[in-house]
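Read the structure below first, then the notes.
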Amino acid sequence: METALKFARRATGRPRVLHCAHSFHGLTTGALSVNGERSFRDGFGPLLPDTAVPSATSTRSAASCGPVTWPP
């Protein structure tokens, strides 16, 4: 999971990582940062900054975020 987070941030050039509510990706620091259950994260901060669960009412789709190019 740690490697996937690093590659995703590098490949997109974007610092923000979106994740699903109630998701589980592991218990390392990066994985906890995108863990959808607060009970797993509590007490282990500070975690990675700029992570979020997208709003179900958001009108902005992933496609509207712009193209992903490599290298950034």
Side-chain angles (χ1 to χ4, degrees):
M1 191 63 213
E2 303 298 311
T3 302
L5 289 168
K6 288 163 69 173
F7 275 120
R9 289 178 66 184
R10 175 71 170 111
T12 65
R14 300 176 182 150
R16 183 168 230 188
V17 178
L18 301 180
H19 59 95
C20 295
H22 310 294
S23 59
F24 180 82
H25 300 292
L27 299 174
T28 56
T29 301
L32 277 175
S33 300
V34 293
N35 192 317
E37 290 292 334
R38 181 169 297 281
S39 61
F40 282 103
R41 295 189 312 266
D42 288 345
F44 291 102
L47 300 173
L48 294 177
D50 211 7
T51 63
V53 174
S55 169
T57 60
S58 173
T59 58
R60 185 174 180 188
S61 68
S64 70
C65 293
V68 175
T69 59
W70 179 259

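Hydrogens, waters and symmetry mates play no part in the numbers below; they use all other heavy atoms, side chains included. Note that the coordinates shown come from a computational prediction; the quantities given were computed from them, not determined experimentally.
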Next on the checklist: Would the distance check show the side chain of R41 and the main-chain N or O of N35 forming a donor-acceptor pair, the cut-off being under 3.5 Å?
Outcome noted: yes
Checklist entry - With a 4.5 Å limit on heavy-atom distance, are the side chains of T51 and H19 in contact? => result yes
Next on the checklist: Would you say that M1 contacts V34 through its side chain, given a criterion of any heavy-atom pair below 4.5 Å between the two side chains?
Outcome noted: yes
Item to check | Any V17 side-chain heavy atom under 4.5 Å of L48 side chain | outcome: no
Next on the checklist: With heavy-atom distances below 4.5 Å as the criterion, would you say the side chains of H22 and E37 are in contact?
Outcome noted: yes
Item to check | Verify same cluster id: F24, L47 (apolar side-chain graph, 4.5 Å) | outcome: yes
Item to check | F44 CZ to S33 OG distance, which is reported to the nearest 0.5 Å | outcome: 12.0 Å
Item to check | Which residues share a side chain to side chain donor-acceptor pair (under 3.5 Å) with T29, sequence neighbours left out | outcome: none
Checklist entry - Of all heavy-atom pairs between F40 and L32, which one has the smallest distance, and what is that distance? => result O-CD2, 3.6 Å
